[in-house]
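Numbers restart at 1 for each chain; the letters A, B, ... are given by sequence-line order, proteins then strands.
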There are 2 protein chains.
Amino acid sequence: MPPRTRRSEALTRQRIVDAAIELLDTTGDAGLTFRTLTERLATGPGAIYWHVANKGELLAAATEALVTAALPADLPGGIHGVALGLFDAISAHPWLATQLATQLSRSPSKSVTPLIFEAIGREVRALDVPDGDQFIAASALLHYILGAAGQNAANARVAGSGTERAEFLNSVSKAWEQLDPDDYPFTRAVAAQMREHDDREQFLAGIDLILAGITARER
Amino acid sequence: MPPRTRRSEALTRQRIVDAAIELLDTTGDAGLTFRTLTERLATGPGAIYWHVANKGELLAAATEALVTAALPADLPGGIHGVALGLFDAISAHPWLATQLATQLSRSPSKSVTPLIFEAIGREVRALDVPDGDQFIAASALLHYILGAAGQNAANARVAGSGTERAEFLNSVSKAWEQLDPDDYPFTRAVAAQMREHDDREQFLAGIDLILAGITARER
DNA sequence: ACCTGAACACCGTTCAAGT
DNA sequence: ACCTGAACACCGTTCAAGT
C-alpha cells in the first residue's frame with residue numbers, strides 16, 4: 001500500500017471553501033458532494049463538519065467569496081461595471097446563477113443579497129432616480145442581470161468550447177424555426193437572432209433598455 | 001392487518017403528474033420523492049417509471065401543465081395579463097420559480113420555454129417594437145417576471161399566512177436597517193419600502209418601467 | 001481543539017418476477 | 001401491457017473514539 005497522502009496545510013474553513021469552488025467549477029452543480037470533497041482534501045466528513053455547519057452554509061460561503069471578489073468597492077464603469085462584474089463571475093462559475101437565485105429568495109437579509117443590492121442601488125442613486133422609484137429600478141436591474149447572466153452561463157455550460165457553443169445555439173435556433181407557424185410566430189421570427197447574437201452586447205442592450213425606462217419615468 | 005388500499009383509478013401519466021403537483025404544493029421543493037409519491041399513489045417505484053422516464057421528466061411535465069393553464073390562448077390584458085398570469089401561478093406554486101429557471105436554462109428548445117417566450121413576444125410585437133429590439137425586450141421582460149415573481153413567492157413560502165408574511169418582511173426590513181451606514185446606504189434607505197410594499201403593485205410598476213424603456217427606445 | 005471513519009436514514013433508479 | 005417490491009449505488013449528516 002502506498003503511504004497516505006499527507007496534507008501539506010492544516011484544514012481551514014477557507015481551504016474547504018476554495019476546494020468546493022474548484023469542484024463546482026470543474027464538475028458542475030452535482031459534482032460537489034461530501035464524498036468528493038473529503039477525497040480532495042484527504043480527510044473525513046467529520047473534519048469538514050467541524051469547520052462548516054452543513055452543505056448550505058458551505059455553498060453560501062463559496063457564493064459570497066466570489067460575489068465579494070466580483071464587486072470590489074472601487075469597481076469602475078457605473079451600472080455597466082456592476083452588471084458586467086456579475087455577468088463575468090457567473091460566466092466563469094455557472095453554478096453561481098442557481099446559488100444566487102436560491103440565496104436571494106431564501107435568505108434576503110444574509111450577506112450576499114445586500115452586497116448585490118447595494119452595488120446596484122448605489123448606481124441607481126447616481127442616476128438621480130426619484131426616491132420612490134429606486135427600489136423598483138434596482139429590483140428590475142437585479143432580476144434582469146441575474147436572469148440574463150444565468151441564461152448565458154447555462155448556454156456556455158451545456159456547450160463547452162466556442163465551436164460547441166455555436167453548435168448548441170444553432171440547434172436551439174433550428175428547433176425554434178421548426179415550431180408551428182400559427183402557434184409560435186414570434187419565437188420563429190427571433191430564432192435567427194438566437195443563433196447570431198453576441199452575449200455581452202445583447203446583455204448590455206438589455207441593461208440600456210431598462211435604464212431608458214428609468215430615465216423616461218424621471219421626467 | 002387492514003386490507004390494502006385499492007386504487008380507484010388506473011395509474012396514468014396524468015394522475016402521476018397531478019399527484020406530484022399536489023405533493024410539491026403541500027410539502028415544498030424537497031417534499032417530492034419517489035417514496036412519498038408511491039405512497040400517495042399506493043404503488044411501487046417501478047409502476048411510476050413505466051409511465052415517466054425519470055424525476056426530471058416528471059418535473060418538466062408538472063411545470064408545463066401549470067404554465068399552459070396560466071397562459072391560455074385567449075388570455076386578456078396584454079403584457080400585464082401575461083405577467084400577472086405567471087405571477088399568480090408562481091404565487092400559488094412557489095416551486096415553479098426554481099423549475100422554470102432550470103428548464104429555461106437547461107432545455108431552451110423544450111416546450112415550456114417557447115410557451116412563455118411566445119406569450120411575452122406576442123405582446124411585445126403588439127407594441128410595435130422595431131424588429132431588432134424585440135428579442136431584447138422580450139428577454140428583459142422574461143427575466144424580470146420570473147425573477148420578481150420568484151422573489152415574491154419565496155417570501156410567501158417562508159412566511160405562510162398573511163400576518164406571518166408581514167412579520168417576515170418586517171424582520172428582513174429590520175435586518176437591512178441595521179447594516180453598516182457607510183457600506184450599505186442604499187439598502188438601508190429602501191428598507192422601509194421592503195416592509196410596506198404591495199407585491200402585485202410593485203411587480204406591475206417594474207413591468208411598466210421596462211415598457212417605458214421599450215417605448216422610449218422606439219422613437 | 002481538531003480530526004477519523006464507521007454508521008444511519010434517505011435518495012433516484014433498476015430489474016427480475018408477477019399478472 | 002402494466003405493475004410489484006427487493007436491491008443497488010449514492011447522498012448529507014452524526015457521533016463515539018482518537019490525538
ask   = Is the backbone N or O of B/Q151 less than 3.5 Å from a side-chain atom of A/S105, with the two atoms forming a donor-acceptor pair by type?
value = no
request  = Go through residues 26-39 of chain B and report each residue with a non-hydrogen atom lying under 4.0 Å from DNA chain C, sorted by number.
outcome  = B/L32, B/T33, B/F34, B/R35
inquiry  = Enumerate the side chain to side chain donor-acceptor pair (under 3.5 Å) contacts for residues 22-40 of chain B, please, sequence neighbours excluded, ordered by first and then second residue.
reply    = B/E22-B/R40, B/D25-B/H93, B/D25-B/W95, B/D29-B/R157, B/T33-B/T36
query = Which side chain to side chain donor-acceptor pair (under 3.5 Å) pairs, counting each pair once, include a residue from residues 47-58 of chain B, with sequence neighbours left out?
reply = B/R13-B/E57
message = Check this for me, if you would: do B/R188 and B/D182 make a salt bridge, where the nitrogen-to-carboxylate-oxygen distance has to be below 4.0 angstrom?
response = no
Qualifying ring-ring contact (aromatic ring centres under 6.0 Å, His included) pairs, either residue in residues 166-195 of chain A, two or more places apart = A/W176-B/F117, A/F186-B/F117
inquiry  = Ring centres under 6.0 Å, that's the criterion: do B/F87 and B/F203 meet it?
reply    = yes
ask   = Applying the side chain to side chain contact (heavy atoms under 4.5 Å, CB included) test to B/L142, which of B/L100, B/T113, B/I120 qualifies?
value = B/I120
message = Are there runs of at least three consecutive Watson-Crick or G-U pairs touching DNA chain D, with each pair's two distances under 3.5 angstrom? Give them by first number.
response = C:4-8 with D:12-16, C:12-16 with D:4-8
Salt-bridge criterion met for B/R200 and B/D88 (N-O under 4.0 Å) = yes
query = Does the pair B/R195/B/E177 count as a salt bridge with the N-to-O cut at 4.0 Å?
reply = yes
Side chain to side chain donor-acceptor pair (under 3.5 Å) between B/Q14 and B/D18, worked out = CA-CA 6 Å; B/Q14 188 55 55; B/D18 288 344; 3.0 Å; yes
ask   = Atom CG of A/L41 to atom P of C/dC2: distance rounded to whole Å?
value = 16 Å
ask   = What parts of residues 48-57 of chain B reach DNA chain D, counting only heavy atoms under 4.0 Å away?
value = B/W50, B/H51
